[in-house]
Amino acid sequence: DAKTTQPPSMDCAEGRAANLPCNHSTISGNEYVYWYRQIHSQGPQYIIHGLKNNETNEMASLIITEDRKSSTLILPHATLRDTAVYYCIVNLLLLSGNTPLVFGKGTRLSVIA
Amino acid sequence: DVKVTQSSRYLVKRTGEKVFLECVQDMDHENMFWYRQDPGLGLRLIYFSYDVKMKEKGDIPEGYSVSREKKERFSLILESASTNQTSMYLCASSLGEGRSGANVLTFGAGSRLTVL
């Protein structure tokens, strides 16, 4: 599985966009990019995933570069409740013999009032 | 909403005790997972299961076993608890393998186990 690199921590002002980068320079052609977050004392929560195209849902947008070596998760209007650890994970579809998701250390995002 | 329910939020056990951590999901998911989370080490996969009565070892299966007799229930068993198994244990589930939702995990709230 490809590994990812994320900054250990970031700050963002409340109401501004939070842009969380992730480097996955060794990603293979059939690996997806997944984003999860974990708010303190809770289990991780799925946010979004993508393969090649940019994706948007009610929580966030995912921008994947054309060469797929990096991506950015965008929270368009960060609130204090978005303070969490954000995990970027690269993985194949889950099949027999494939490894399930491996969570790294993520980025600790602090949204500041 | 998919719900993954872990039976106990907090447990305190003694060294050598047999410990059962129960997890139940209500959305007919085929896949279920057990992770543990420790400060500085992140989430580590213990065991997972693609289907009833099937189990696969994760990265750190030593000292643990699992049971999946029914599709909705995945139990983690510590045969003889030790102090180094003090941790937060997280259960998750997802749709069947090979499907686009297979890596979209829904997690429970976690079970914090302390072994004295």
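Nothing here was measured: the structure is a model prediction, and the numbers come from that model. Numbers restart at 1 for each chain; the letters A, B, ... are given by sequence-line order, proteins then strands.
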- Message: Can you classify the ring geometry of A/Y34 versus A/Y32 as parallel (below 30°), tilted (30 to 60°) or perpendicular (above 60°)?
- Response: tilted
- Task: Report the relative orientation of the aromatic rings in B/F107 and A/Y36; use parallel for angles under 30°, tilted for 30 to 60°, perpendicular for over 60°.
- Result: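 Taking A/Y36 first and then B/F107, their aromatic rings stand perpendicular (interplane angle over 60°).
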Contacting region of [X] [heavy-atom separation from chain A under 4.5 Å]:
| X | value |
| --- | --- |
| B/L105 | both |
| B/Q6 | neither |
| B/L90 | side chain |

- Query: If two hydrophobic side chains count as joined below 4.5 Å and joins carry through other members, does B/V4 share a cluster with B/F74?
  - Reply: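 Unlinked, B/V4 and B/F74 end up in two clusters.
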- Message: Side-chain heavy atoms nearer than 4.5 Å, only ILVMFWY residues, links allowed to pass through others: does that put A/I64 and A/L20 together?
- Response: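 The answer is yes; both residues are in one hydrophobic cluster.
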